[in-house]
Amino acid sequence: MDKTYDPGLIERKIYQRWEQLGCFAPEPGNNAYSIALPPPNVTGVLHMGHAFQDTIMDILIRHQRMKGNTTLWQGGSDHAGIATQMVVERQLAAEGISRHDLGRDAFLEKVWQWKEQSGDRISQQLRRLGASIDWSRERFTMDPALSRAVTEVFVSLYEEDLIYRGKRLVNWDPVLHTAISDLEVVSEEEDGHLWHLRYPLSDGSGHLVVATTRPETMLGDSAVAVHPEDPRYSGLVGKTIQLPLVGREIPIIADDYVDPEFGTGSLKITPAHDFNDYQVGLRHQLPQINILTPDACINDQAPAQYRGLDRFEARTRIVQDLDALGLLDSIKPHKLMVPRGDRSGSVVEPYLTDQWFVRTEPLAKPAIEAVERGDIRFVPENWQKTYFEWMRNIEDWCISRQIWWGHRIPAWYDDQGQFYVGRDEASVRATHQLADDVPLRQDEDVLDTWFSSALWPFSTLGWPEKTPELATFYPTSVLVTGFDIIFFWVARMVMMGLKFTGEVPFHEVYIHGLVRDHDGQKMSKSKGNVLDPLDLIDGIELDQLIAKRTAGLMQPQMAARIEQATRREFPSGIPAFGTDAMRFTFAAQATLGRDIRFDIQRIEGYRNFCTKLWNAARYVLMNTQDHDCGQNNEPVELGAPERWIISRLQETELAVDRAIGEYRFDYAASAIYEFVWNHYCDWMIELSKPCLNSDGVSMAAQRGTRRTLVRVLESILRLAHPFIPFITEEIWQQVAPLAGKTGQSISRQPWPQADLDKLDPAAVAEVEWLKQCISGIRNIRGEMNIPPGRPLTLQVANTTAQDRAWLAENETQLKQLARLDSIDLLADGQTTPAAAVALCGEMKLLVPMGGLIDKTQELDRLQREISKLENEINKASRKLENPNFVDRAPAEVVTQERERVVRFQSDLGKLNEQKTTIEAL
RNA sequence: AGGCGCGUAGCUCAGUGGUAGAGCACUACCUUGACAUGGUAGUGGUCGGCGGUUCAAUCCCGCCCGCGCCUACCA
């Protein structure tokens, strides 16, 4: 092995080999386990959220695969209707071409070309993460088979009256010229104004003042509403208003939707341009007057002077004109929620159009029940509240989009505007007995991308065909996703899965937190605080990082600030940490919280952990290659350290397995970290040195040590493989033969199973005793500033038979690890010299002061220990003096407390004795 | 407005009705043959505040303070 661990050198070649060997395809096994990858957007690039989420899925998948289950990680991507269309349109725009210049078919041709060239970028990036996706089964939502599933679902839902077409108010994106669903609208508070307008009564008896944040919509007003019980307006209901600028006569109506407390208590009603007014309009049979074009310009329904004006320009003009007429009462600053399209960023208009909708309520009911029944379990459980909250207040889902890229709606229109829904034109003609010469044209619109994504868990497995894959892998085992798309996706998959397969799409939903930057801020391009997972893996120079973060900003003036912040946070760029270090960091940070603050120091720590593992492996190989390690079952003798580390390994295996089962990847990561660093490296390797380097140790004992070093290391590699797949594979290739293992890849090796028979309390007690002795002596050395290299003489007093046996057994280890030149056993009653003392049970470990140790320093140290003990004794005694505690606390707690006092007092006595001796010097 | 969550060491975060933990940072010493991306030892916390329940509260309950997120509407 190379002297230094260099992840860049090993990772790519290992992944290629895994793929060549077909390590990720499901193999026959005990049980089926499957995960459907939440399909990344085909235009997407890998971000920290993906990296985190995919690490978790890969841990689960590799764990199950090693357990010998038939394991499938189904991958692929979605076609991202609007996003992809925008990408290609932007490319065309650079050539001065619009999609309309090309026409629909030629444009779609271009989109497919783009997809072939650039659409697999994210799949390539996923490989860098080590994601063990079965690429041979990669799917795309626009694949013919998946498109067929979409058609099938659409037609079935339509036939059951769960899809309908109608003129409804929808969220309209005037830049993209399409409807979008509620979930694609992002509302944020912005500064605006509240205009108070005077609306004259038709009978000339005065006016009503209405308040509005959008004065331009007055062109479409069809009533003014007041609260039915509002005494200020009781006489006015039934009268009419002469609508200014327009001249239309509109009624004053009473509706309890109006809040009398707000504004003036009278409200203009614009049914075609406001969701609430729309409802009011329906209740009162008001006309719906659409005054906007699809571009959100004023249309021909409005008076001539406003036609063609942009909505915001119209607003200014209308306010001016009203003011000129003396009808502007006041303007007040006002904060309001402004809805914007999540793709275009433009202000969304409520807009009256013909659209297709899914009737969600009948689908939501079984989806709610599935979670109530426990057929689907959320982890952490609390997220089911969010799910219920949304499902119980669900609105119909607008699924049509006025774009070209996507699944075209399978509906055909004749010249009379009558439409027919069917699987294709031929079947429509057949079903409805339409002759071949009746002209039919297909609906121009396509479906919301999420419509096809909602089918993902079963469409990728071949549905509607009854494939063996579907039978084996559906329902999938778990869905791993962020809480931000519970509504978008989780809820819709459950509805569709239940409806079309009769089964839930997954049994568990693991909801993870969102990766944020070091300050807890959401990572975003506009803030300039994004980290690219590949930059953490490969490293990046500061200048390049700044260039990346400041390129193509929507607000170029932010560049300077972003550069400054980047220079502050990464003064020398980002070093290459490698994939494994990043994955281990994600695992360690995968707690149940909602935010994951990504800290560069954390990944640095785990890179060091990988280095530690690397170096430990080098030590083991140096001491075992070309040595007898008992591969052929030659007789071995296992000492306490060997039996101790094997015992600890079983505990660790149990802990890691349980933690993964509970989705506590943080626990699993720390169990591995602790075992490798604090047990294996700090003690096992150190304790092996005296055995392997001393003369006079039996062959069987040395063989036992070597065999243990190798076998435990090999187990560590398998245990850690799901978390850090590359480094474990690289090392395993060398270590496996020494451990008598064969196989092409660690990824197909059996998962380490704890063997409870190998738990060894006696060995644990002995080694813990040994560690306590060594630590006690090291503590004296450290506190007394005795150079580490200086050998010490140790005297041991007050020993039990057990102590003496263990002293004899571990003399070499003790001497070497504590750097002792001799150990003198003092007989009972023999006077102890002035010495620094450490306690190990009843036994006293004494380092004679002779010239080495400063009297006051040692007295200080003793006093600190004594104070600590006295403090504990006080606390515990006070408890025990309280009759309520003794009577009412559980007996074992009381006993424990008594034992603590006894132990502390014994220690205290010894320390005080020592103090007296030293003071007397 | 409703819902959810958070506040524990300098930082990032675990945690439990009964002795407060980890990593990083910090201090001192150390280039000993796996590893200075390291070793050894050490410093550091009225667990946001106030009450309540309890023999016992960082943990359970209530209120308050501070912070965050989500959903839905106020023209």
Side-chain angles (χ1 to χ4, degrees), chain A residues 1 3-5 182 187 194-196 210-214 217 225 257-259 261-270 274-277 334 336-337 382-383 385-386 389-390 393 483-484 486-487 514 518 520 522 575 577 581 585 588-589 591-602 604-623 664 666-667 669-670 673-674 677-678 681-682 685-686 689 693 774-775 778-789 816 819 872 875-876 879 882-890 892-894 896-897 900 904:
Chain A
M1 280 171 69
K3 188 162 162 49
T4 51
Y5 162 60
D182 300 343
S187 290
L194 197 55
W195 286 270
H196 285 80
V210 297
T212 180
T213 55
R214 306 188 54 203
T217 62
Y257 162 68
V258 181
D259 174 5
E261 305 292 315
F262 190 91
T264 60
S266 65
L267 172 62
K268 62 192 253 347
I269 300 294
T270 323
D274 180 282
F275 289 101
N276 291 307
D277 292 7
H334 181 70
L336 73 163
M337 297 295 276
N382 221 263
W383 287 110
K385 288 192 183 174
T386 308
E389 181 65 20
W390 191 67
N393 298 296
F483 59 80
D484 50 333
I486 289 181
F487 309 135
L514 261 35
H518 179 258
K522 207 166 169 172
F577 293 114
T585 309
Q589 302 224 82
T591 63
L592 298 180
R594 294 217 274 207
D595 294 337
I596 293 140
R597 291 196 191 202
F598 195 85
D599 185 350
I600 203 85
Q601 288 179 322
R602 201 83 193 258
E604 197 177 319
Y606 293 120
R607 190 268 324 267
N608 295 351
F609 171 72
C610 292
T611 306
K612 188 77 180 174
L613 179 60
W614 183 264
N615 286 312
R618 285 183 58 232
Y619 169 82
V620 172
L621 290 170
M622 284 165 64
N623 285 284
R664 287 306 303 259
D666 56 331
Y667 287 0
S670 55
Y673 187 98
E674 192 188 346
W677 204 309
N678 303 125
C681 292
D682 286 351
I685 286 185
E686 294 309 319
K689 288 174 184 174
N693 299 334
I774 293 168
S775 298
R778 284 175 176 172
N779 175 272
I780 292 171
R781 195 189 280 278
E783 293 270 312
M784 296 301 117
N785 294 319
I786 302 170
Q816 192 158 325
R819 279 243 156 197
E872 289 300 319
K875 275 201 293 189
K879 270 190 185 176
N882 180 355
N884 279 326
F885 173 71
V886 182
D887 294 346
R888 307 175 82 153
E892 66 266 24
V893 173
V894 177
Q896 178 190 292
E897 211 64 27
R900 289 183 67 218
F904 290 151

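This is a predicted model, so every value here is computed, not measured. Chain naming here is simple, since letters A, B, ... match the order of the sequence lines and numbering starts at 1 in each.
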K.L.:
Taking the same atom, C1', in B:rG49 and in B:rC65, what whole-Å distance lies between them?
P.N.:
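Pairwise C1' distance, B:rG49 against B:rC65, rounds to 7 Å.
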K.L.:
Just verifying a value: how many Å separate A:L592 CG and A:D666 CG, rounded to the nearest 0.5 Å?
P.N.:
7.0 Å
K.L.:
Which of parallel (below 30°), tilted (30 to 60°) and perpendicular (above 60°) describes A:Y673 and A:Y606?
P.N.:
perpendicular
K.L.:
Does OP1 or OP2 of B:rA75 have a side-chain N or O of A:H334 closer than 4.0 Å?
P.N.:
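It does, given that an N or O in the side chain of A:H334 lies less than 4.0 Å from OP1 or OP2 of B:rA75.
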K.L.:
So, OP1 or OP2 of B:rA56: does either fall under 4.0 Å of a side-chain N or O from A:K879?
P.N.:
no
K.L.:
Look through every strand shown and name the nucleotide pairing with B:rC47 as Watson-Crick or G-U wobble, where both distances are under 3.5 Å.
P.N.:
none
K.L.:
Counting only side-chain heavy atoms from C-beta out, which of B:rG18, B:rA75, B:rC55 sits nearest to A:N884?
P.N.:
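Nucleotide nearest to A:N884's side chain: B:rC55.
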K.L.:
For B:rC74 and A:N276 - does any side-chain N or O of the residue sit under 4.0 Å from the phosphate oxygens OP1/OP2?
P.N.:
yes
K.L.:
Only pairs with both distances under 3.5 Å count, Watson-Crick or wobble alike; so what is the partner of B:rA1 in this structure?
P.N.:
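By the stated definition (distances under 3.5 Å), B:rU71 pairs with B:rA1.
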K.L.:
If I pick the C1' atom on B:rG45 and the same atom on B:rU58, what distance separates them, to the nearest angstrom?
P.N.:
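The answer is 11 Å between these two C1' atoms.
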K.L.:
Strictly below 4.0 Å: does A:R888 bring a side-chain N or O up to OP1 or OP2 of B:rC55?
P.N.:
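Answer is yes, contact under 4.0 Å.
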K.L.:
Looking across every strand, which nucleic acid part, if any, lies under 4.0 Å from A:P883 by heavy atom: base, sugar-phosphate, or nothing?
P.N.:
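Touches nothing.
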K.L.:
What distance, rounded to whole Å, do you find between the two P atoms, one in B:rA72 and one in B:rA56?
P.N.:
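Each nucleotide's P atom is 47 Å from the other's.
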K.L.:
What integer distance in Å separates A:K875:NZ from B:rG18:C1'?
P.N.:
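So the two atoms are 11 Å apart, to the nearest Å.
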K.L.:
Using whole Å, report how far CG of A:N608 lies from P of B:rG38.
P.N.:
4 Å
K.L.:
Between A:W383 and A:A616, which residue's closest nucleotide on RNA chain B lies nearer the 5′ terminus?
P.N.:
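Result of the comparison: A:W383.
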K.L.:
Select base, sugar-phosphate, or nothing to describe what A:T213 touches, counting heavy atoms under 4.0 Å on all strands.
P.N.:
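Sugar-phosphate contact only.
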K.L.:
Would you indicate, yes or no, if B:rG15 has its OP1 or OP2 atom less than 4.0 angstrom from a side-chain nitrogen or oxygen of A:Y667?
P.N.:
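Yes, within the criterion.
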K.L.:
Can you check the distance between B:rC74 and B:rC4, where both ends of the measurement are the C1' atom (answer in whole Å)?
P.N.:
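23 Å, rounded to whole Å.
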K.L.:
Return the pairing partner of B:rG66 with a 3.5 Å limit on both distances, Watson-Crick or G-U wobble; otherwise return none.
P.N.:
B:rC6
K.L.:
Taking B:rC59 as the reference, what is the distance to B:rU8 when you measure between their C1' atoms (whole Å, please)?
P.N.:
11 Å
K.L.:
State the pairing partner of B:rG42; accept Watson-Crick or G-U wobble contacts with both distances under 3.5 Å, and report none otherwise.
P.N.:
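Its partner is B:rC26.
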K.L.:
For B:rG5, does OP1 or OP2 lie under 4.0 Å from any side-chain N or O of A:N382?
P.N.:
yes
K.L.:
Does A:R900 reach a base, just sugar-phosphate, or nothing at all? Heavy atoms under 4.0 Å.
P.N.:
base
K.L.:
Could you tell me how far apart A:N882 (CG) and B:rG18 (C1') are, to the nearest whole angstrom?
P.N.:
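In whole Å, B:rG18 C1' and A:N882 CG are 13 Å from each other.
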K.L.:
Does a side-chain N or O of A:N779 approach OP1 or OP2 of B:rG42 to a distance below 4.0 Å, or not?
P.N.:
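So the side chain of A:N779 is within the cut-off, an N or O lying under 4.0 Å from OP1 or OP2 of B:rG42.
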K.L.:
Using purine N1 to pyrimidine N3 plus N6-O4 or O6-N4 for Watson-Crick, or N1-O2 and O6-N3 for G-U wobble, each under 3.5 Å, what pairs with B:rU31?
P.N.:
none
K.L.:
For the pair A:N779 (side chain) and A:S775 (backbone), establish whether a donor and an acceptor sit closer than 3.5 Å, ignoring hydrogens and angles.
P.N.:
no
K.L.:
Quick one: is A:K612 getting a side-chain N or O under 4.0 Å of the B:rC35 phosphate, OP1 or OP2?
P.N.:
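False: A:K612 side-chain N/O out of range (4.0 Å or more) of B:rC35 OP1/OP2.
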K.L.:
Over all strands shown, is A:K3 touching base, sugar-phosphate only, or nothing at heavy-atom distances under 4.0 angstrom?
P.N.:
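It contacts sugar-phosphate atoms only.
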K.L.:
Atom CZ of A:F609 to atom C1' of B:rC24: distance rounded to whole Å?
P.N.:
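Checked: the CZ to C1' distance equals 16 Å.
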K.L.:
Output yes when a side-chain donor or acceptor of A:Q589 lies under 3.5 Å from a complementary backbone atom of A:R597, and no otherwise.
P.N.:
yes
K.L.:
Can you find a pair of side-chain heavy atoms, one from A:I269 and one from A:L267, that are under 4.5 Å apart?
P.N.:
yes
K.L.:
Select base, sugar-phosphate, or nothing to describe what A:V258 touches, counting heavy atoms under 4.0 Å on all strands.
P.N.:
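Base contact - A:V258 has a heavy atom under 4.0 Å of at least one base atom.
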K.L.:
Roughly, in whole Å, what's the span from CZ in A:F275 to C1' in B:rC74?
P.N.:
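Rounding to the nearest Å, CZ of A:F275 and C1' of B:rC74 are 16 Å apart.
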K.L.:
If the cut-off is 4.0 Å, is A:T591 near the phosphate of B:rA14, judged by side-chain N/O to OP1 or OP2?
P.N.:
yes
K.L.:
Assign A:C681 to base, sugar-phosphate, or nothing according to its heavy-atom contacts below 4.0 angstrom with the strands shown.
P.N.:
base
K.L.:
So, A:R602 side chain and A:T585 main chain: donor-acceptor pair closer than 3.5 Å or not?
P.N.:
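No; zero donor-acceptor contacts below 3.5 Å.
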K.L.:
Hey, is the side chain of A:R594 pairing donor to acceptor with the base of B:rC4 inside 3.5 Å?
P.N.:
yes
K.L.:
Kindly say if A:W677 contacts the phosphate of B:rG39, meaning a side-chain N or O under 4.0 Å from OP1 or OP2.
P.N.:
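For A:W677, the contact criterion (side-chain N or O under 4.0 Å from OP1 or OP2 of B:rG39) is met.
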K.L.:
Between B:rC6 atom C1' and A:L514 atom CG, what is the distance in whole Å?
P.N.:
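Nearest whole value for this atom pair: 15 Å.
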K.L.:
A:D666 has a side chain; which of B:rA28, B:rC74, B:rA14 sits nearest to it?
P.N.:
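Looking only at heavy atoms from C-beta outward on A:D666, the closest nucleotide is B:rA14.
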K.L.:
For A:D599 and B:rA22, give me the distance from atom CG to atom P, rounded to whole Å.
P.N.:
18 Å
K.L.:
Does OP1 or OP2 of B:rC13 have a side-chain N or O of A:R597 closer than 4.0 Å?
P.N.:
yes
K.L.:
Just to be sure I understand the rule, does A:Y673 reach a base, reach only the sugar-phosphate, or reach nothing, if contact means heavy atoms closer than 4.0 Å?
P.N.:
sugar-phosphate
K.L.:
Within the structure, does a side-chain N or O atom of A:K522 lie under 4.0 Å from either OP1 or OP2 of B:rC69?
P.N.:
no
K.L.:
Please compare A:E686 and A:R778 by the position of their nearest nucleotide in RNA chain B and report the one closer to 5'.
P.N.:
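Result: A:E686.
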K.L.:
Can you tell me the Watson-Crick or wobble partner of B:rU16, both distances under 3.5 angstrom?
P.N.:
none
K.L.:
Without decimals, in angstroms, what is the distance between A:N393 CG and B:rG3 P?
P.N.:
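Computing the A:N393:CG to B:rG3:P distance gives 13 Å.
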K.L.:
Does B:rA57 pair with anything, Watson-Crick or G-U wobble, both distances under 3.5 Å, and if so, with which nucleotide?
P.N.:
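When the pairing criteria are applied, nothing turns out to pair with B:rA57, so the answer is none.
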K.L.:
Classify the ring geometry between A:W383 and A:F483 as parallel (under 30°), tilted (30 to 60°) or perpendicular (over 60°).
P.N.:
parallel
K.L.:
Counting N and O atoms only, with roles assigned by atom type, does the side chain of A:N393 sit under 3.5 Å from a partner on the main chain of A:E389, one being a donor and the other an acceptor?
P.N.:
yes
K.L.:
Hey, is the side chain of A:R664 poking within less than 4.0 Å of OP1 or OP2 on B:rG15, counting only N and O atoms?
P.N.:
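Yes, A:R664 has a side-chain N/O under 4.0 Å of OP1/OP2 on B:rG15.
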K.L.:
Using a cut-off of 4.0 Å on non-hydrogen atoms, how would the nucleic acid contact of A:E897 be classed: base, sugar-phosphate, or nothing?
P.N.:
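Contact class for A:E897: none.
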K.L.:
Mind checking whether A:I600 and A:H518 have side chains closer than 4.5 Å, heavy atoms only?
P.N.:
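Side chain of A:I600 against side chain of A:H518, heavy atoms only: no contact under 4.5 Å found.
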K.L.:
Roughly how far apart are A:T4 OG1 and A:R618 CZ, rounded to 0.5 Å?
P.N.:
8.5 Å
K.L.:
Counting any heavy atom closer than 4.0 Å, what does A:E389 reach on the DNA or RNA strands: base, sugar-phosphate only, or nothing?
P.N.:
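Contact class for A:E389: none.
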